[in-house]
Amino acid sequence: MSVEAITWALGQQIKPSSAKFVLVALSNCADGRDFIAWPSVAYLVEATNQDRKTVQANLAHLRDLGFIEDTGERRGSTKQVVVYRLKTPENGAVNNSDKESQKRNSTENGTVPFLDGKRPNIPTKEAQNSPERGPKTDHGTVRNRNRTVREPSEGAAAPSAPPNPVKTKTTKSSGTVTADQLVSEGVDRQVAEDWLKVRKAKDLPLTATAWTGIKAEAEKAGVTAADAVRIATENSWAGFKAIWLDKLKAEAGGAVAGAVDDLAFLRSWPGIVAKGNQLGLRQEDGEQAPHFKLRVLKAANLSPEQLARARADYGVNV
């Protein structure tokens, strides 16, 4: 994109306005050295919101007026996209008030003036919006009541960073197991969030290693990981041990408050795998998940009441 080309295009007096819009869109694709551009017709259609026939008609109109010329070169993947050169018309199409400026700036071949890489002196945003803008000094400085805005000079170095840059706080990945991960393994979301709060209060982040150990203890106790988390949460345990559950059962005379749902393993695939492990079953190589799930259910030896609940609550038919 060439700011010089766009500025030049915006300053031309062209009728109809749709043709000027095409010229501006074309200038947006021009380089800042040779002022050539090769946008496809499809690009100009999208950029100007004009139909294809209107764009092509406006390109022809701009050529007739002398604002663009076909260089004869073709580019693009198809080698069929016309390469245009932006030009200052030589047929008087530009307003008389602009002729002197064109005569001063135009090159001998009538193309848009070659500026040796220098950008036009476009005031900064502050200078444009200032209600009181003073005259430009010999040193390229525009002064107003509130501040001095220095225009950039060719080859000027980029502004240096402030001596004490503000440091932004970055968050490193903690590598802990999140509530979303617990939910994906069958844990109820509210239970997962409550349990993580219990662990946080005891300054015990749930690492991947800790979670693996808890799942192993759940398997040893004959419950799913989801039930282990629920039992731990109900008893304000930050962790879970099979012996803790045994002790809890003994103290309760064999019953545990909020008894374990014997079909809770159906809530998730990890629960089904854990139940299979408890029953001594392993998913064989190439065995489909539904077939392994059916084997687990048959091996669980469910009662008619449990089978009815499995159908009603989990949509499982054995």
(request) Quick one: closest heavy-atom pair of R199 and A210, and the distance? (result) NH2-CB, 4.1 Å
(message) For a quick test of reading the model, state the closest non-hydrogen atom pair linking A218 to A228 and the distance between them.
(response) CB-CB, 3.7 Å
(request) Would you confirm whether T48, through its side chain, and F21, through its main-chain N or O, come within 3.5 Å as a donor-acceptor pair? (result) no
(message) For R230, is there an ion pair with E234 - N to carboxylate O distance below 4.0 angstrom?
(response) yes
(request) Please tell me if the side chains of L196 and V177 come closer than 4.5 Å, counting only heavy atoms from C-beta onward. (result) no
(request) For the residue pair W211 and E185, confirm or rule out a side-chain donor-acceptor distance under 3.5 Å. (result) yes
(request) Ignoring hydrogens and angles, tell me if any N or O in the side chain of R74 forms a donor-acceptor pair with the backbone of V81 under 3.5 Å. (result) no
(request) Look only at the side chain of R85 and the backbone of I36, and say whether a donor-acceptor pair between them is shorter than 3.5 Å. (result) no
(request) Flag the pair Q56 / V41 as yes when at least one side-chain heavy-atom distance between them is below 4.5 Å, and no otherwise. (result) yes
(request) Check whether any side-chain heavy atom of V45 lies under 4.5 Å from a side-chain heavy atom of D51, and answer yes or no. (result) no
(request) Quick one: closest heavy-atom pair of E193 and A179, and the distance? (result) CG-CB, 4.1 Å
(message) Checking the side chain of W195 only, and the main-chain atoms of W237 only, is there a donor and an acceptor separated by less than 3.5 Å?
(response) yes
(request) Tell me whether V183 is reachable from I272 by hopping between hydrophobic residues (I, L, V, M, F, W, Y) whose side-chain heavy atoms are closer than 4.5 Å. (result) no
(message) If you apply the rule side-chain hydrogen bond (donor to acceptor under 3.5 Å, both in side chains), what do you find for D194 with T233, and how did you get there?
(response) CA-CA 7 Å; D194 290 345; T233 305; over 6 Å; no
(message) Looking at Q278, is its backbone amide N or carbonyl O close enough to the side chain of E219 to form a donor-acceptor pair, meaning the two atoms are under 3.5 Å apart?
(response) no
(message) Could you check whether any side-chain heavy atom of E284 comes within less than 4.5 Å of a side-chain heavy atom of F292, counting everything from C-beta outward?
(response) no
(message) Are K87 and F67 packed together at the side-chain level, in the sense that at least one heavy-atom pair is separated by less than 4.5 angstrom?
(response) no
(message) Less than 4.5 Å apart, side chain to side chain, heavy atoms only: is that true for I214 and L206?
(response) yes
(request) Please test K249 against D246 for salt bridge (Lys or Arg N to Asp or Glu O under 4.0 Å), starting from the C-alpha separation and ending with a verdict. (result) CA-CA 5 Å; K249 287 179 178 179; D246 292 339; 5.1 Å; no
(message) Does E287, at its CD atom, have more than 12 non-hydrogen atoms belonging to other residues, nucleotides or ligands within less than 6.0 Å?
(response) yes
(request) State plainly whether one hydrophobic cluster holds both W8 and W38, where clusters connect Ile, Leu, Val, Met, Phe, Trp and Tyr through side-chain heavy atoms under 4.5 angstrom apart. (result) no
(message) We want to know whether T178 and Q181 form a side-chain donor-acceptor pair, criterion being a heavy-atom distance below 3.5 angstrom.
(response) yes
(request) Report yes if the side chains of V223 and F240 come closer than 4.5 Å at any heavy-atom pair, otherwise no. (result) yes
(message) Donor-acceptor check, side chain of N58 to backbone of T54, threshold 3.5 angstrom: yes or no?
(response) yes
(request) Identify which one of R282, K220, Q283 satisfies the side chain to side chain donor-acceptor pair (under 3.5 Å) criterion when paired with N277. (result) R282
(message) Between R75 and E73, is the salt bridge (Lys or Arg N to Asp or Glu O under 4.0 Å) condition met? List the steps.
(response) CA-CA 7 Å; R75 296 189 184 181; E73 186 181 356; 2.7 Å; yes
(request) Write down the atom of L62, the atom of A19, and the distance for their closest heavy-atom approach. (result) CD1-O, 3.6 Å
(request) Taking all non-hydrogen atoms of both residues into account, name the closest pair between K202 and S236 and its distance. (result) NZ-O, 2.9 Å
(message) With a 4.5 Å cut-off on side-chain heavy-atom distances among I, L, V, M, F, W and Y, is there a chain of contacts connecting V191 to V198?
(response) no
(request) Identify the heavy atoms of A47 and A25 that sit nearest to each other, and give their distance. (result) CB-CB, 4.3 Å
(request) Please confirm whether the backbone N or O of Q13 pairs with a side-chain atom of K20, one donor and one acceptor, at under 3.5 Å? (result) no
(message) Is there a side-chain contact between Y84 and L23 in this structure, where contact means two heavy atoms from C-beta onward sitting under 4.5 Å apart?
(response) no
